[in-house]
Amino acid sequence: MSERYFAAKSKDMNTRRKFLRQTLLGSLAVGNAGRLFDQLDINAPNVKNAFPVVISTWGPNIKANAAAWQVLSSGGYALDAIETGIHVPEANPEDTSVGYGGYPDRDGHVTLDACIMNEKGMAGCVTFLEHIMHPISVARKVMENTPHVIMSGDGALQFALDQGFKKENLLTKEAKKAWDLWKIEAKYEPVINVERHDTIGMLAMDMQQRLCGGCSTSGLAFKMHGRVGDSPVIGAGLFVDNEVGAAVCTGLGEMVLRTVGSFLVVEEMRRGKSPQKAVEIAIKRIVKKYPEQSKDAQVAFIALDRKGRHGAYSIHPGFNYVLYQDGENRIIESTSLLDK
Ligand code: SD4
């Protein structure tokens with residue numbers, strides 16, 4: 001990102017701040033002051049430019065973050081950044097938890113879950129979708145081209161084909177080999193931090209402070225046929241409220257579904273908690289509620305507020321995430337509640 005871009009942006013910001021200050025007194029009369037104060041306080045993180053910003057679950061998604069940043073840094077829409085970024089792992093056959101190359105369910109089907117949510121609170125989701133490489137884009141079509149929020153299974157596939165998506169075989173040779181090996185014991189055991197590249201959850205805020213999010217996954221490897229996780233469920237796997245902030249998560253979806261985790265994180269931010277405090281509250285809630293299951297299962301949240309502050313926290317060590325902010329794309333190790 002060029003120096004010139006930052007200089008131009010901070011000049012814009014100064015002009016914008018001046019304008020906001022000038023209009024603030026007038027706004028007091030119409031009860032709008034809180035919102036304007038919030039907008040003035042954009043530099044809360046210790047960086048020159050708090051936004052645009054994009055944050056994703058798991059270190060290997062550094063390439064997805066870079067693709068999203070391309071959109072954001074040229075003044076693009078956060079929702080386009082999310083879709084572009086998430087396409088990267090969805091098309092990567094080496095990513096065994098997302099899209100093409102994702103591990104199948106116990107019957108050998110690659111079934112995908114995804115959702116997307118924009119700054120207006122609109123959302124689209126697909127669950128139990130087969131044969132389509134980019135479920136995030138189908139989710140966006142559900143949001144934009146239907147009166148519905150969730151489309152599932154064969155209906156979602158039919159809808160995708162009607163929208164012009166191509167039917168493909170998503171089961172790679174490697175994923176099939178892993179499935180064949182799994183069948184020898186056929187034991188269902190979620191593995192903590194499996195290979196450290198898992199479900200992609202991504203949150204982005206663009207230059208116009210529009211906050212959007214998305215999530216895409218093939219779900220738990222070798223799950224029961226028909227199982228849907230938290231990732232495509234608004235409030236569980238993802239929640240965005242442009243007035244407050246956004247949260248997304250990765251890990252054992254059943255524990256997140258039962259606690260409506262991402263909604264909880266955003267509501268804690270609404271009550272004034274920082275993104276870091278909010279994700280810690282959500283993880284502690286899960287562990288308190290399910291102490292036994294938490295011993296062997298990972299859940300991790302990332303959160304972003306509209307000031308550009310972020311937070312990340314997991315049950316177990318080993319979770320990492322990627323933050324692209326102020327021109328720098330960094331992999332960061334998350335803190336966690338339990339030690340190993
Ligand atoms: C699920 N939450 O299907 C997803 C999987 C995941 O890290 O995020 N794994 O339960």
Side-chain angles (χ1 to χ4, degrees), residues 55-61 64 86 89-90 92 94-99 101-107 109-117 125-130 135-136 139 150 152-153 156 170 175 178 188-203 213-239 247-265 279 282-283 286 290 293-294 296-303 312-322 334 336:
I55 182 168
S56 300
T57 53
W58 302 108
N61 286 322
I86 289 181
E90 282 181 340
N92 179 1
E94 281 163 25
D95 191 322
T96 56
S97 307
V98 182
Y103 281 166
D105 63 20
R106 58 177 58 180
D107 295 350
H109 298 263
V110 180
T111 72
L112 306 175
D113 294 338
C115 72
I116 198 161
M117 193 164 187
C125 317
V126 287
T127 74
F128 193 45
L129 173 66
E130 289 187 66
I136 194 70
I150 304 179
S152 192
L170 303 180
Y188 181 71
E189 259 174 17
V191 182
I192 294 175
N193 301 324
V194 58
E195 295 179 74
R196 286 168 70 95
H197 54 79
D198 223 292
T199 297
I200 180 160
M202 180 182 273
L203 308 171
C215 193
S216 184
T217 187
S218 50
L220 296 181
F222 319 125
K223 61 195 174 185
M224 289 174 72
H225 187 60
R227 181 262 188 192
V228 171
D230 60 318
S231 304
V233 178
I234 296 300
L238 170 75
F239 195 67
V248 70
C249 64
T250 176
L252 185 59
E254 280 71 10
M255 297 213 285
V256 179
L257 279 164
R258 291 192 293 246
T259 48
V260 201
S262 293
F263 184 71
L264 173 61
V265 172
V279 289
I283 288 292
I286 288 173
Y290 309 107
Q293 217 180 348
S294 296
D296 302 314
Q298 177 68 302
V299 173
F301 289 96
I302 55 174
Y313 204 55
S314 55
I315 300 180
H316 297 276
F319 172 62
N320 58 13
Y321 61 100
V322 217
S334 171
S336 60

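Just the heavy atoms: all of them, side chains too, but no hydrogens, waters or symmetry mates, feed the values below. Remember, it's 1-based here, ligands and their atoms both numbered in the order they're listed.
A side chain to side chain contact (heavy atoms under 4.5 Å, CB included) with C125 is found for exactly one of I234, V228, D113, namely I234.
Distances below 4.0 Å separate heavy atoms of S231 from the following atoms of ligand 1: 2 (N), 4 (C). Every atom of ligand 1 is numbered from 1 in the order shown, and the set under 4.0 Å from a heavy atom of G219 is 3 (O). Ligand 1 places these atoms under 4.0 Å from at least one heavy atom of D230: 1 (C), 2 (N), 4 (C), 10 (O).
No N or O atom of L252 sits closer than 3.5 Å to an N or O atom of ligand 1. In terms of N/O distances under 3.5 Å, ligand 1 is not approached by E254. Looking at ligand 1, you won't find any N or O of T217 less than 3.5 Å from one of its N or O atoms. For the pair R227 and ligand 1, the shortest N or O to N or O distance falls below 3.5 Å. For a threshold of 3.5 Å applied to N or O pairs, the pair formed by T199 and ligand 1 contains at least one separation below that value. Considering backbone and side-chain N/O of G229, none are found under 3.5 Å from N/O of ligand 1.
Residues S314 and S336 bring no donor and acceptor atom of their side chains to less than 3.5 Å of each other.
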Run the side-chain contact (heavy atoms from CB on, under 4.5 Å) test on V98 and N92 for me, step by step, so that the C-alpha distance in whole Å, both residues' side-chain angles and the decisive distance to 0.1 Å come before the verdict.
CA-CA 8 Å; V98 182; N92 179 1; over 6 Å; no

Checking I150 against T127 for the side-chain contact (heavy atoms from CB on, under 4.5 Å) test, could you report, in this order, the C-alpha distance in whole Å, the side-chain angles of both residues, the deciding distance, and whether it holds?
CA-CA 7 Å; I150 304 179; T127 74; 3.9 Å; yes

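The aromatic rings of F222 and Y103 lie parallel to each other, their planes meeting at an angle below 30°, with 60° marking the opposite boundary.
Ion pairing between a basic and an acidic side chain is recognised when a charged N comes within 4.0 Å of a carboxylate O; E254 and K223 show no such pairing.
Judged purely by atom type and a 3.5 angstrom limit, H316 uses its side chain to pair as donor or acceptor with the backbone of S294. Under the 3.5 Å distance criterion, the side-chain polar atoms of S231 are left unmatched by any main-chain donor or acceptor of C115.
When non-hydrogen atoms are compared, ligand 1 lies under 4.0 Å from neither the backbone nor the side chain of M255.
Using 4.0 Å as the threshold, K223 has no heavy atom nearer than that to any atom of ligand 1.
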